[in-house]
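Naming: A, B, ... by sequence-line order, numbering from 1 per chain.
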2 protein chains.
Amino acid sequence: MPVPSQRYVRNHLLSILSPDDYEAIQSVAEGVALGRRDILIAANKSITHVYFLESGIGSEVAATPEGRRIEVCITGPEGIVGVPLLLDVDRTPHETFVQIEGDAVRVEATAFRRLIEERRLLRGIFAHYAYVAHLQTAGTALSNGSHTLEERLARWLLMCHDRVDGDEFPVTHEFLSTMLGVRRPGVTTAIHSLEGAGMIKARRSHVQVLDRDKLKAAAGDSYGVPETEYRRLLWARR
Amino acid sequence: MPVPSQRYVRNHLLSILSPDDYEAIQSVAEGVALGRRDILIAANKSITHVYFLESGIGSEVAATPEGRRIEVCITGPEGIVGVPLLLDVDRTPHETFVQIEGDAVRVEATAFRRLIEERRLLRGIFAHYAYVAHLQTAGTALSNGSHTLEERLARWLLMCHDRVDGDEFPVTHEFLSTMLGVRRPGVTTAIHSLEGAGMIKARRSHVQVLDRDKLKAAAGDSYGVPETEYRRLLWARR
DNA sequence: TTTCAACCGTACGATAGCGTACATTTCGGA
DNA sequence: TCCGAAATGTACGCTATCGTACGGTTGAAA
């Protein structure tokens, strides 16, 4: 698959690069389609590529040796999958997989390392994203520790909504329950509650956001901190 | 206060730098004493310095506009306080304060930026630490979402124990309750439970670790992932 | 030496979420 | 068109933790 010209690239980080930096990336990048559950970064294996999502969503999951899993960060077309490589780290105990299918521009690890080493501005922009990802993970820690399931669910739906086209996206209760680290029936009732308040519409394997403002209210202060910082650091940069 | 020679420096990151890199840092650094509750990085204000702790512990706290607070990461002499600066970010919504008093070597922000820009190896080592800090925050998210209070408390005590000299350190139940995002009486009973099992000894405003192995068992899989990665990435480097 | 604020112990009803089980609905493929 | 697996709805007793309140203890400062 071809890599789009910068004019048409949908990944926000790529779109704000200098034309020169973009060309440098383009010359070593390739386009790929991402299917649901594809593993982009496998746990404890060498990281082969970084991915700039053009559409779809990737999920980073923290795991313990005993097999406990929970989502700590999600990335869509606003970011980059493969933050460890940015930090000169070749592999990670976490796994990142495709939560919602889409397309991506990807760069092989060695080429990527060379690029960020040689290009200061490129490195700076990606570093900013790495920091926002840290804020998001910290926000997840905050939420997991002190918000109700309903608030956390609302936060999660908002974060997905930010990253997809349109108001609807595929997701099952079962999937949500492992991402949030709660029971599946707990998700079912929480979804009913949001649905009853007219914020969303749930159909088998899908959720549609009906009233984003109400959903924000339901999320309370669990939503917004990393989003604000993203805007401050990564909007309208060049 | 003077900055020690590399031979005697206690901060692990500084100790593994090349002599040349250390000298470069030393020439722009100063020694400071850190008192309990001193704020090293204030929320939403320009970051003035990075701190290499020589002793003591710093706490990074995520906060929302509404005032909700919870600890997401702690740093002792194994790390660096001021990760945002590493990532080219000048300020952050989080606050970092001194949890246990001690000493530090600190470097003014502008000088630090110049150093990491010019020195590739320095940048690499610090980037590795930034990644371990991300793992720790992710571990906090995992724990907050899926471990019991007793497991989380055990994890927290182990992480402190790793960073102080000796087996005893100052901490109040009240403080722990805000760090863990739980009720203060909840901490009291959890501490009693660990104490009853002979893992720790609690005195007014202090905790002493008696049996680290048992404490590890009590923490279950909440403890260990970032610690293992720290060893892989940052032990015996030069 | 006294005082008082900080710290700690404990209790009790309330509740969010758990673990589990099982029935029902939906949809894609044979 | 039918079947089976996946997804969803619901129920029930259980447990961890909450919110709150209050009394006891300790140690540093006056």
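DNA chain C is contacted by both A:R184 and B:E174; B:E174 maps to the nucleotide lying nearer its 5′ end (nearest heavy atom per residue). Residue A:V171 is the one, among A:G145 and A:V171, whose nearest nucleotide of DNA chain D lies closer to the 5' end (criterion: closest heavy atom).
Contact annotation: B:H173 reaches the phosphate of C:dG9 (side-chain N/O to OP1 or OP2, under 4.0 Å). Distances shorter than 4.0 Å separate some side-chain N or O of B:H192 from OP1 or OP2 on C:dT10. Between C:dC7 and B:R204, no contact under 4.0 Å exists linking OP1 or OP2 to a side-chain N or O. Using a 4.0 Å cut-off, no side-chain N or O of A:R183 falls inside it from OP1 or OP2 of C:dG19.
Looking at A:R184 and A:T188, their side chains do bring a donor and an acceptor atom within 3.5 Å of each other. At a cut-off of 3.5 Å, with distance as the only test, a side-chain donor of B:E60 or A:H134 sits close to an acceptor on the other residue.
Here the C1' atom of nucleotide D:dT17 and the CG atom of B:L180 are 13 Å apart, to the nearest Å. As a whole-Å value, the separation of B:E151 CD from C:dC18 P is 14 Å. Put simply, NE2 on B:H206 is 13 Å from C1' on C:dA6, counting in whole angstrom units. Going from atom CZ of B:R36 over to atom C1' of C:dA6 covers 11 Å, rounded to whole Å. Taking atom CG of A:L176 as the reference point, atom C1' of D:dA6 lies 16 Å away to the nearest angstrom. Separating the NE2 atom of A:H147 from the C1' atom of C:dA16 is a distance of 15 Å, rounded to the nearest angstrom. Atom pair A:F175:CZ and D:dT8:C1' shows a separation of 17 Å (rounding to whole Å applied). The distance between atom CD1 of A:I191 and atom P of D:dT10, rounded to the nearest whole Å, is 13 Å.
Between D:dA7, D:dT10, C:dA11, one nucleotide has an atom nearer to the side chain of B:P185 than all others, and that is C:dA11.
Here B:D90 does not pair with B:K45 in a salt bridge; the nearest charged N to carboxylate O distance is not below 4.0 Å.
At a threshold of 4.0 angstrom between heavy atoms, the contacts of A:T148 are confined to the sugar-phosphate backbone, with no base atom among them.
Atom CG of B:L215 sits about 12.0 Å away from atom CH2 of B:W156, to the nearest 0.5 Å.
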Practice task
Any chance you could lay out the side chain to side chain contact (heavy atoms under 4.5 Å, CB included) test for A:Y51 and A:T75, step after step, and finish with the verdict?
Solution key: CA-CA 10 Å; A:Y51 294 81; A:T75 302; over 6 Å; no
